[in-house]
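What follows is one structure encoded as structure tokens, with my remarks underneath.
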Amino acid sequence: MSLHNDKTPRSGPLAGLKVIDLTHVMAGPTCTLMLADMGADVIKIEKWPNGDDTRHSVPPKIGDEAASFLMMNRNKRGIVLDLKTAGGKEVLRRLISGADVLVENFAPGAMERLGFGYEELHKDFPALIYCSLSGFGRTGPYKHRRGFDLVAQAMSGIMSFTGERPDGPPVKCGPPLSDITAGLLASMGILAAYSHRLKTGEGQWVETSLYEAALVQTYWQSTIALASNVAPRAMGSAHPLNAPYQAFEASDGWLVVGGANKKHWLLMLEALGALELAADPRFVNGSDRMANLKDLEAELSARFRTQTRAHWLAALDEKGVPCGPVHDMLEALNDPQTLARDMVVEVEHSTLGPVKTIGLPVKFSATPGKVRSGAPVYGEHTREVLREHGFDQAEIDAFEREGTIVAASVDRKEQVA
């Protein structure tokens, strides 16, 4: 397990990109996390007096810090500004003057009220890429609504087809699916806008929403609805278009099997010792199997229950059938493939020492990204960032006395190389 610290030189394909991060909680921080992991210098601006809401999402905590904040804000430098003060606005404007990208996920209209809406900033900083994340986007009848993952999952249709059975209650996907997807879409949009700016010198407004992020997760179910005018319903772990492609219970645990196409279907039957099902008129081709899915599940479930999960995984793998165990979260994080791909790493936090975190999901052969530093403590880099942007010590001290900024005094742990 590799260990990284903030003395590691900034690297990655986005090294040199300067990002002002005015985001909080999940969707926006996911976006800026992707940029930071790929080398961008992300300056996270937290509100006064309480900071990012994830600082208070406890338990669990690691030392005095909320684990949720540590996960979403590694590789970022953190400062604290009160944007309701004249000094806070002065500092932010100077930071923006030297930035390539600004990312925000305030409530609709909040940035305009603060004097930092896109139209106003674009006049003075035409090359700035300005990214907004919101609940429903900046147009349409719901543009003024606040956004939450639960609401996005419900209104996008996702909760109507998630669950064990068609007549069951609506079920939310476990992870905050729309938040994370919106963050990924926003980072993709920023990079597309950056490509355009490299060619033209022009910045632009990039925006996406939790609602749209949830809708793009419904490609298969939307396909069915648009083509048939029938709303798909919950199917447990089964696939809406292919079978068998779902979870089955062995004698000692659960596994998943992808035996949907003709080749894998026949190979799966060989592994199960159930070749007689190949000639069963209910299961001859994919459309037959989908039409008789309940019968298919019953036939296969009875066979899978006769042996252990390890037995079936070995037999299926030997035949080349897509399969895998159903892991809990600890099993997934300790899987040898997870570790081989550096998807769990340790990063040096300035006060806590080594902290485990999720690694970079995108690998680059020539310009690898890196988990370089732990999440900032509240106001950790305020003085450093202000000095870099031309504020002298007297000005910084005055800002601190006035309550414009919060600057932490960090008792740093010994950094580990």
- request: Show your reasoning for whether side-chain contact (heavy atoms from CB on, under 4.5 Å) applies to Leu17 and Asp41.
  value: CA-CA 6 Å; Leu17 189 75; Asp41 179 14; over 6 Å; no
Under a 4.0 Å N-O cut-off, is there an ion pair linking [X] with [Y]?
X: Arg282; Y: Asp295; result: yes
X: Glu346; Y: Lys356; result: no
X: Asp82; Y: Lys84; result: no
X: Asp100; Y: Arg197; result: yes
X: Lys47; Y: Asp53; result: yes
X: Glu270; Y: Lys319; result: yes
X: Arg77; Y: Glu388; result: yes
X: Glu299; Y: Arg303; result: yes

query: CG of Leu339 to CG of Leu333: how many Å apart, nearest 0.5 Å?
result: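 Those atoms lie 8.5 Å apart.
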statement: Interatomic distance, CD@Glu104 vs OG1@Thr32, rounded to 0.5 Å, equals 12.5 Å
Verify whether one side chain among [X] and [Y] offers a donor that lies under 3.5 Å from an acceptor in the other.
X: Gln307; Y: Ser251; value: no
X: Thr357; Y: Arg74; value: yes
X: Ser373; Y: Glu348; value: no
X: Asn73; Y: Lys44; value: yes
X: Thr218; Y: Gln221; value: no
X: His239; Y: Gln246; value: no
X: Thr23; Y: Asn105; value: no
X: Thr351; Y: His349; value: yes

task: Mind telling me whether Tyr142 and Phe136 have parallel, tilted or perpendicular rings, with 30° and 60° as the class edges?
output: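 Ring orientation of Phe136 relative to Tyr142: perpendicular.
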message: For a side-chain contact (heavy atoms from CB on, under 4.5 Å) check, start with the C-alpha distance between Tyr378 and Arg55, then their side-chain angles and the critical distance, and finish with the verdict.
response: CA-CA 9 Å; Tyr378 191 59; Arg55 287 194 181 276; 3.8 Å; yes
- prompt: Which pair of heavy atoms, one from Leu22 and one from Leu92, lies closest together, and at what distance?
  reply: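 Between these two residues, the closest heavy atoms are CD1-CD2, 4.2 Å.
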